[in-house]
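As structure tokens, the structure follows; a few thoughts come after it.
Because the structure is a prediction, the values reported are computed rather than measured. Atom set for the values below is all heavy atoms of this structure, side chains included, hydrogens, waters and symmetry mates excluded.
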Amino acid sequence: EESSEKDKWAYELPIIEQGAILLSEPNDHFCVNQQYFHKNVIFLVDHQPDFTKGVILNRPTAYSTLDLETSFKFENFSHEGVDDWNVWCGGDCQGINSRGRIPPEYSVLHGLERLAGVSQTITKGVYSITLEDAKALVKEGKADKDDFLLLVGYCGWSAGQLQSELNRQDTWTMASVEPGLLLGQLREEQAELRRRIAKAQEGDVFTAADVGDGLMMWERLFERLGSKYQAKLEDFKAGGENEHSDEMLRRWINRCLIPSRYSPEAAEPQDVVERVLQSLKEDVVEGSVLWGSATSWLLGKPFEDERLSRFPPAQYFHKAVLLVIKNEKEDGVTPSLLALLNGPIDRRSQEKQIYWAGPQGSNYIYKVVEESNFEGSFRGFTILPSGMLETFIEVGALEKSSASITEILNAEVRDRWTVAGGKVETLQDAQTAQLADKQRLKWFSRFEGIELEDLE
């Protein structure tokens with residue numbers, strides 16, 4: 001028998017345990033990187049001394065089980081009554097965006113006590129079941145597909161890692177929640193998700209607004225913890241960063257949780273072909289100048305791919321002007337070295353006119369020797385794995401400039417991107433570029449400790 005709304009409880013938990021939930025703190029911590037963790041509800045399905053495992057409960061996707069079978073070679077995954085089941089994003093480990101050798105991992109949760117005998121109890125009122133058993137129950141008419149939450153991927157923490165993140169007090173709140181607050185409305189949410197996606201499929205494109213961003217579930221649970229948490233959320237909303245952080249999550253959903261055939265980020269096939277052909281013509285050698293896209297670096301990298309799984313966020317490439325120091329692409333081993341030519345003054349240095357040029361090699365200060373009026377020096381550089389520079393050019397995240405180094409250095413720092421050829425061509429791109437401007441500021445503040453009053 002379902003408990004009434006007033007009987008449903010939630011409280012902060014002082015220890016990590018199986019069956020607890022993690023709620024993201026209301027801040028912009030996940031704005032620049034790992035946007036999927038923003039305002040997240042993670043259910044801990046297992047906690048051992050050497051490993052903790054959880055699944056996200058509030059990230060629906062627009063993927064079908066057939067999409068997963070096609071993309072990930074899941075054998076018989078979309079057959080026997082699960083061809084139209086909803087798919088939810090369970091986490092970044094072995095998840096929907098994984099394209100490596102390790103196959104994605106999926107799990108199925110439900111809240112039906114009458115099925116406890118064929119399930120594994122995670123905590124009172126929440127159970128795990130194999131997909132095969134869930135399919136069989138649906139086929140036999142003993143359950144409905146909307147009784148089950150099909151999750152792809154998980155979140156994982158090594159020994160001591162989660163406790164360390166909790167100790168910082170700026171990332172997670174650990175809580176215990178009445179099961180009815182977690183899966184009590186599962187059937188209604190599944191049906192509503194299916195309705196939204198069916199309606200969106202009447203058009204050519206749909207977004208996070210159609211799929212759902214899960215923000216209401218997070219807010220409902222966070223506020224349920226009491227007045228202290230309600231006040232914390234109100235402070236964040238009043239601080240001016242709430243809407244931007246929410247939008248970064250939605251942009252991540254547009255990119256990662258919607259199949260490319262419906263994604264608003266999908267490029268036209270002709271544009272892709274033209275970019276590839278153009279990139280093949282470009283001879284990017286030592287001394288070449290590149291300019292960074294005003295839209296591609298919004299989330300820290302231009303696309304989701306296994307090749308970028310360890311690529312750190314790089315919003316400093318947004319509207320960047322880059323000098324190629326080294327690029328020996330023929331050997332397939334030697335990394336590329338790039339120097340940012342329109343970075344901020346590094347005010348941490350006691351010397352004047354030292355400009356930040358990249359996150360690596362911070363002890364390396366140098367001048368670009370050209371016939372120019374520029375008297376500043378540069379600190380650092382960026383290292384890209386072999387072949388990555390060509391990939392970024394191929395997808396349009398970086399483009400080769402026809403301007404000379406002298407022309408670039410003679411321009412004011414704030415004007416160098418335009419001189420290099422940088423441009424914003426549509427109103428939609430201008431709106432994205434404005435968001436990315438802010439992301440660049442946040443990147444320098446978080447990763448380099450450089451506070452910029454504006455982009456220039």
Donor-acceptor contacts under 3.5 Å from residues 116-127 side chains, at least two apart:
residue, atom, partner, partner atom, Å
S119, OG, H110, NE2, 2.8
S119, OG, L115, O, 2.7

Discussion item. Taking K135 first and then E132, would you say they form a salt bridge - that is, a charged N and a carboxylate O separated by under 4.0 Å?
Written reply: no

Worksheet item: At their closest point, which heavy atom of A320 faces which heavy atom of W417, and how far apart are they?
Response: O-CD1, 3.5 Å

Worksheet item: For the side chain of E448 and the backbone of S445, is there at least one donor-acceptor N/O pair under 3.5 Å apart?
Response: no

Worksheet entry | Residue pair I56 / G91: nearest heavy atoms and the distance that separates them | CD1-CA, 3.8 Å

Fill in: Any E399 side-chain heavy atom under 4.5 Å of L290 side chain
no

Discussion item. Quick check on Q428: does its CD atom have over 12 non-hydrogen neighbours (other residues, nucleotides or ligands) under 6.0 Å away?
Written reply: no

Discussion item. If the condition is side chain to side chain contact (heavy atoms under 4.5 Å, CB included), which residues does Q169 pass it with, not counting sequence neighbours?
Written reply: none

Response to the item:
Heavy-atom nearest pair, I383 first then Q360, reads N-OE1, 2.8 Å

Fill in: Validation row: T382, L322 side chains within 4.5 angstrom (heavy atoms)
no

Worksheet item: What heavy-atom pair brings Q34 and D92 nearest, and what distance separates the two atoms?
Response: NE2-OD2, 4.1 Å

Worksheet item: Residues in ring-ring contact (aromatic ring centres under 6.0 Å, His included) with F311, at least two apart?
Response: F392

Response to the item:
For S296 and A397, the nearest pair of non-hydrogen atoms, with its separation, is OG-CA, 3.7 Å

N/O donor-acceptor pairs under 3.5 Å from side chains in residues 205-214, not counting sequence neighbours:
residue, atom, partner, partner atom, Å
T207, OG1, A209, N, 3.2
D210, OD2, T207, N, 2.9
D213, OD1, L215, N, 3.1
D213, OD2, R250, NE, 3.2

Discussion item. Working note: M248 + V32, criterion side chain to side chain contact (heavy atoms under 4.5 Å, CB included); need CA distance, chi angles, decisive distance, verdict.
Written reply: CA-CA 8 Å; M248 291 306 97; V32 173; over 6 Å; no

Discussion item. Give me the atom names and distance for the closest heavy-atom approach of A314 to W297.
Written reply: O-CE3, 3.7 Å

Worksheet item: side-chain hydrogen bond (donor to acceptor under 3.5 Å, both in side chains) with E12: which residues, sequence neighbours excluded?
Response: Y229

Discussion item. Taking the side chain as everything from C-beta on, heavy atoms only, tell me whether E304 gets closer than 4.5 Å to I96.
Written reply: no

Worksheet entry | Gap between atom OG of S107 and atom CH2 of W88 - 0.5 Å precision | 13.0 Å

Worksheet entry | Heavy-atom side-chain proximity of L162 to H47 below 4.5 angstrom | no

Worksheet item: Quick one: are L389 and I393 in side-chain contact, heavy atoms under 4.5 Å?
Response: yes

Discussion item. Can a side-chain donor-acceptor contact be found between E189 and N86 if the only test is distance below 3.5 angstrom?
Written reply: no

Fill in: Listed once per pair and sorted, the side chain to side chain donor-acceptor pair (under 3.5 Å) pairs that draw on residues 17-31, sequence neighbours left out
E25-T173, E25-K232, D28-K442

Worksheet item: Salt bridge or not for E178 and R224, using N-O below 4.0 Å?
Response: no

Response to the item:
With sequence neighbours left out, the residues meeting ring-ring contact (aromatic ring centres under 6.0 Å, His included) with F30 are F37, W172

Worksheet item: How would you list, by chain and number, every residue that makes a ring-ring contact (aromatic ring centres under 6.0 Å, His included) with Y11, sequence neighbours excluded?
Response: W9

Worksheet entry | Distance-only side-chain donor-acceptor flag, T418 / D415, under 3.5 Å | no

Response to the item:
By side chain to side chain contact (heavy atoms under 4.5 Å, CB included), T295 pairs with (sequence neighbours left out) S293, D429, T432

Worksheet item: Can you tell me how far the CD atom of Q315 sits from the CZ atom of R440, to the nearest 0.5 Å?
Response: 11.0 Å

Worksheet entry | Residue list, ring-ring contact (aromatic ring centres under 6.0 Å, His included) with Y316, at least two apart or on another chain | W356, W443

Worksheet item: How far apart are the C-alpha atoms of E192 and R195, what are their side-chain angles, what is the distance that settles it, and do they pass the salt bridge (charged side-chain N to carboxylate O under 4.0 Å, His left out) test?
Response: CA-CA 5 Å; E192 177 60 21; R195 185 197 66 78; 2.7 Å; yes

Worksheet, complete the sentence: Contacts of R255 meeting side-chain hydrogen bond (donor to acceptor under 3.5 Å, both in side chains) (sequence neighbours excluded), chain-then-number -> E265

Practice prompt. Tell me, please, which residues at least two apart from Q434 pass side chain to side chain contact (heavy atoms under 4.5 Å, CB included).
Written response: none

Item to complete: Decide yes or no for L233 and D235: does some side-chain heavy atom of the first lie under 4.5 Å from some side-chain heavy atom of the second?
Response: no

